[in-house]
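First the structure, in the form of structure tokens, and then the observations on it.
No hydrogens, no waters, no symmetry mates; every other heavy atom, side chains included, goes into these values.
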Amino acid sequence: MGKTEIILLTIVLTGLFSCTQIPDVYQVSGDQPDVFPDIRDIKIPDNIAPLNFRLNNTSSDKIIAVFEGENANIIVSGKTRIQIPIRKWRRFIQTNSGGKLIVTVYENKSGKWIKYSPFGIEISNISIDPYIVYRLIAPGYESWSSMGIYQRNLTNFDEDPIIDNRMLTGNCMNCHSFNKNDPGKFVFHLRGKIGATILNNETDIIKLNTKTDNTISNCVYPYWHPSGNYISFSTNIIYQYFHTDPAKRIEVSDTESDLVVYDIKSNRLISNPLIASKTSFETFPTFSNDGKFLIFCSAQKTSIPADYDKIRYSLCTIPFDEETGKFGSRVDTLISSFSTGKSVSFPRVSRDGKWLMFTLSEYGNFSIWHKEADLYLMNMEDRTVKPVSSANSNDTESYHSWSSNSNWFIFSSRRTDGLYTRPYIAWIDDNGESSKPFLLPQKNPDYYDFNLRSFNVPELVSGRVKANGKNMIRTIQSEAQNVEFR
């Protein structure tokens with residue numbers, strides 16, 4: 001704590017929604033409070049859930065937090081945690097939408113009050129999609145007896161499962177993807193004895209066998225064409241192994257991988273030798289926002305696992321014709337691994353088509369355990385590339401998803417403890433500059449201490465997923481439709 005002094009002061013704030021009284025005798029600290037989650041100097045949407053927090057490394061008798069806005073204020077108290085009533089918070093941030101908050105924290109220790117240096121929070125008047133969907137799974141992926149795909153309401157703390165493997169026979173499920181943030185159009189892959197690709201297309205739930213005589217595996221890593229008529233996939237033979245170095249833990253590599261596009265209307269897979277080469281690995285497909293290009297990661301084929309740390313993926317693109325379902329005759333390179341000396345993974349184009357965000361790491365394509373993995377941004381007009389510096393940390397940044405309005409993004413990070421991936425949210429401006437990210441708010445600030453599962457593949461969606469759970473289970477337990485290959 002910095003230099004302190006005793007101050008005697010009586011404060012009267014107008015517009016307070018609380019009867020909690022601010023102490024009139026306290027010591028002034030020159031330091032900001034050490035809070036978790038770190039909500040200091042962040043930017044938030046005006047529809048986010050309360051920013052509940054705690055003081056770290058403290059033995060408080062009581063704490064008080066004063067949120068001062070331009071149009072209204074609130075005071076909230078607690079022993080070691082600040083937990084703001086949802087209705088009070090919702091009125092407060094809507095009243096101060098587009099403005100800035102000043103947050104002052106008071107702490108009582110052994111009957112003496114300390115006033116910490118205040119910090120700011122900016123409230124954007126541009127909202128974020130009200131839901132996110134993620135998979136909850138043990139962090140090492142070696143155990144998946146208890147896992148599921150869940151949805152969370154960002155405006156409050158409601159969470160419920162879309163599909164949980166306790167409803168099935170212990171199957172692993174992954175690779176969920178939505179069409180332009182639409183909760184009515186999504187797909188995910190189910191592994192195990194009754195495994196298949198599960199497609200929810202508005203009211204229809206379909207079970208697809210996407211393994212054909214012409215493909216090397218079932219379809220994974222999906223991304224929807226903006227028309228909603230196609231879904232791009234990777235087909236992979238995946239090799240997972242474990243490091244003896246605890247700092248690296250797990251490595252995931254492909255020994256084979258190709259790309260295909262599923263034509264929903266004709267129930268067939270489309271491919272091309274340029275995206276299914278025998279001499280290279282292709283993976284993580286995504287479409288441009290206008291649907292005219294398929295963007296993907298590609299690397300020269302090498303020996304796996306012997307050369308696992310020598311393989312590096314470039315970012316490539318090929319034209320795609322929605323009307324005919326055909327690909328162009330040439331692959332162009334957007335980012336060359338030979339130039340960067342690094343490897344690209346998880347490309348995602350913003351909904352307005354202005355930016356392409358991706359992860360850059362030292363090697364490989366599945367960088368979820370690479371501490372050096374950071375987020376980067378490409379300007380789709382001039383193809384300039386820069387790191388998303390304000391969002392990156394000293395630990396792993398990986399999967400990311402854009403909001404419908406392209407003003408917000410959510411991503412997975414291990415910065416909290418180096419083990420579990422947690423969802424962080426950040427604003428991005430017209431120049432591609434990011435705000436300081438904030439951790440997904442929880443009702444109890446201690447939530448992340450006792451939740452022993454990682455948040456995997458966080459996807460922003462524009463509303464609640466209303467898929468009928470019973471119909472989905474019934475479909476999963478039925479026979480799969482075979483998919484044709486062209």
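Taking the six-membered ring where the residue is Trp, the centroids of His176 and Tyr134 are separated by 6.0 Å or more. Outside the 6.0 Å centre-distance limit, the rings of Phe53 and Phe36 are not counted as a close aromatic pair. Between Phe186 and Phe178, the gap from one ring centroid to the other is short of 6.0 Å. Taking the six-membered ring where the residue is Trp, the centroids of Phe409 and His400 are separated by 6.0 Å or more. Aromatic ring centroids of Tyr363 and Tyr308 lie under 6.0 Å apart.
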Practice item. Decide side chain to side chain contact (heavy atoms under 4.5 Å, CB included) for Phe346 and Asn365; before the verdict, give the C-alpha distance in whole Å, the side-chain angles of both, and the deciding distance to 0.1 Å. Key: CA-CA 8 Å; Phe346 308 123; Asn365 73 321; over 6 Å; no
Exercise for review: Assess whether side chain to side chain donor-acceptor pair (under 3.5 Å) is satisfied between Glu251 and Ser253, documenting all intermediate values.
Suggested key: CA-CA 7 Å; Glu251 203 68 52; Ser253 300; 5.2 Å; no
**Study point:** Phe327/Leu274 under side chain to side chain contact (heavy atoms under 4.5 Å, CB included): CA gap, chis, key distance, verdict
**Key:** CA-CA 9 Å; Phe327 297 93; Leu274 292 174; over 6 Å; no
Practice item. Go through Thr215 and Thr212 one step at a time and tell me if the side chain to side chain donor-acceptor pair (under 3.5 Å) criterion holds. Key: CA-CA 5 Å; Thr215 53; Thr212 74; 3.1 Å; yes
Exercise for review: Evaluate the criterion side chain to side chain contact (heavy atoms under 4.5 Å, CB included) for residue pair Ile295 and Met380; output intermediate values, then yes/no.
Suggested key: CA-CA 12 Å; Ile295 301 169; Met380 293 296 285; 4.1 Å; yes
Review point. Step by step, would you call Leu334 with Val344 a side chain to side chain contact (heavy atoms under 4.5 Å, CB included)?
Key: CA-CA 11 Å; Leu334 298 176; Val344 176; over 6 Å; no
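By the 4.0 Å N-to-carboxylate-O rule, Lys43 lies close enough to Glu122 to be salt-bridged with it. A salt bridge links Glu397 with Arg415: at least one charged nitrogen is closer than 4.0 Å to a carboxylate oxygen. Taking a cutoff of 4.0 Å between a charged side-chain nitrogen and a carboxylate oxygen, Asp158 and Arg152 do not qualify as a salt bridge.
Between Ile238 and Arg191, the shortest heavy-atom contact is CD1-NH2, 4.2 Å. Of all the heavy atoms in Val220 and Cys175, the pair that sits closest is CB-SG, 3.9 Å. Closest approach of Ala276 to Asp258, counting heavy atoms only: CA-OD1, 3.3 Å. Smallest separation of non-hydrogen atoms from Leu208 and Ala480: C-CB, 4.0 Å. The two atoms that bring Gly463 and Pro183 nearest to each other are O-CB, 3.4 Å, heavy atoms only.
Thr317 and Asp332 are not linked by any side-chain donor-acceptor pair at a separation below 3.5 angstrom, with hydrogens and angles left out of the test. If you check the side chains of Arg351 and Asn181, you find a donor sitting under 3.5 Å from an acceptor. Remark: the Asp395 side chain and the Ser393 side chain contain no N/O donor-acceptor pair separated by less than 3.5 Å. When only modelled atom types and interatomic distance are considered, Glu282 and Ser280 share a side-chain donor-acceptor pair under 3.5 Å. For the residue pair Thr384/Asn379, the side-chain donor-acceptor check at 3.5 Å is not satisfied. Between Ser454 and Asn456, the side chains place no donor N or O within less than 3.5 Å of an acceptor N or O (distance only, hydrogens not considered). Side-chain contact of Ser398 with Thr396: a donor-acceptor pair under 3.5 Å is absent, judged by distance alone. Side chain to side chain, Tyr424 and Thr416 meet the donor-acceptor criterion of an N or O pair below 3.5 Å. In the model, Ser97 has no side-chain atom that pairs as donor or acceptor with a side-chain atom of Asn125 under 3.5 Å.
Separation of atoms CE (Met147) and CD1 (Ile137) is listed at 4.0 Å; rounding is to 0.5 Å. Put simply, NZ on Lys354 and CE on Met378 are 15.0 Å apart, with the number rounded to the nearest 0.5 Å. Rounding to the nearest 0.5 Å places CG of Leu360 at 7.5 Å from CD1 of Ile335. Atoms CD and NZ, on Gln151 and Lys466 in that order, are 10.5 Å from each other to the nearest 0.5 Å. To the nearest 0.5 Å, the span separating NZ on Lys301 from CD1 on Ile304 amounts to 10.5 Å.
More than 12 heavy-atom neighbours from other residues, nucleotides or ligands sit within 6.0 angstrom of CZ on Phe450. Counting heavy-atom neighbours within 6.0 Å of Gln83 CD, excluding the residue itself, gives a total above 12.
The backbone N or O of Ala49 lies less than 3.5 Å from no partner atom in the side chain of Thr155, so there is not a single donor-acceptor pair. A donor-acceptor distance shorter than 3.5 angstrom exists from the side chain of Asn405 to the backbone of Ser127, with no hydrogens or angles considered. Within the 3.5 Å criterion, the main-chain N or O of Lys443 finds a donor-acceptor partner in the side chain of Asn52. Checking side-chain atoms of Thr286 against main-chain N and O of Leu294 turns up no donor-acceptor pair under 3.5 Å. Under a 3.5 Å cut-off, the side chain of Asn392 and the backbone N or O of Val388 do form a donor-acceptor pair. Asp129 contributes no side-chain N or O that, together with a main-chain N or O of Ile132, makes up a donor-acceptor pair within less than 3.5 Å. When atom types are taken as modelled, the side chain of Ser257 and the backbone of Phe281 share no donor-acceptor pair closer than 3.5 angstrom.
Just one residue in the list Phe233, Tyr230, Phe293, Tyr262 forms a ring-ring contact (aromatic ring centres under 6.0 Å, His included) with His225, and that residue is Tyr230. Here the rule is side-chain contact (heavy atoms from CB on, under 4.5 Å) with Trp427, and of Ile42, Ile126, Ile44 only Ile126 fits it.
Stacking of Arg348 on the aromatic ring of Trp355 is not recorded, the 6.0 Å distance cut-off and the 45° axial limit not both being met.
Looking only at side-chain heavy atoms (C-beta outward), Arg486 and Lys326 come within less than 4.5 Å of each other. Between Tyr376 and Thr359 there is no side-chain heavy-atom pair separated by less than 4.5 Å. Contact check for Ser298 versus Ser314: no side-chain heavy atoms found under the 4.5 Å cut-off. In this structure, Phe188 and Ser177 have side chains that are not in contact, with every pair of non-hydrogen atoms separated by 4.5 Å or more. Counting heavy atoms from C-beta on, the side chains of Ser435 and Phe438 never come closer than 4.5 Å. Between Ile198 and Ile476, the closest side-chain pair of non-hydrogen atoms falls below 4.5 Å. Within the 4.5 Å cutoff, the side chain of Glu484 has no heavy atoms near those of the Leu269 side chain. With a 4.5 Å cut-off on side-chain heavy atoms, Leu377 and Val385 do not count as touching.
For residues 429-440, the salt bridge (charged side-chain N to carboxylate O under 4.0 Å, His left out) pairs, not counting sequence neighbours, are Asp38-Lys436, Lys386-Glu433.
Ring orientation note: the planes of Phe366 and Phe284 are close to parallel, at an angle under 30° on the 30°/60° scale.
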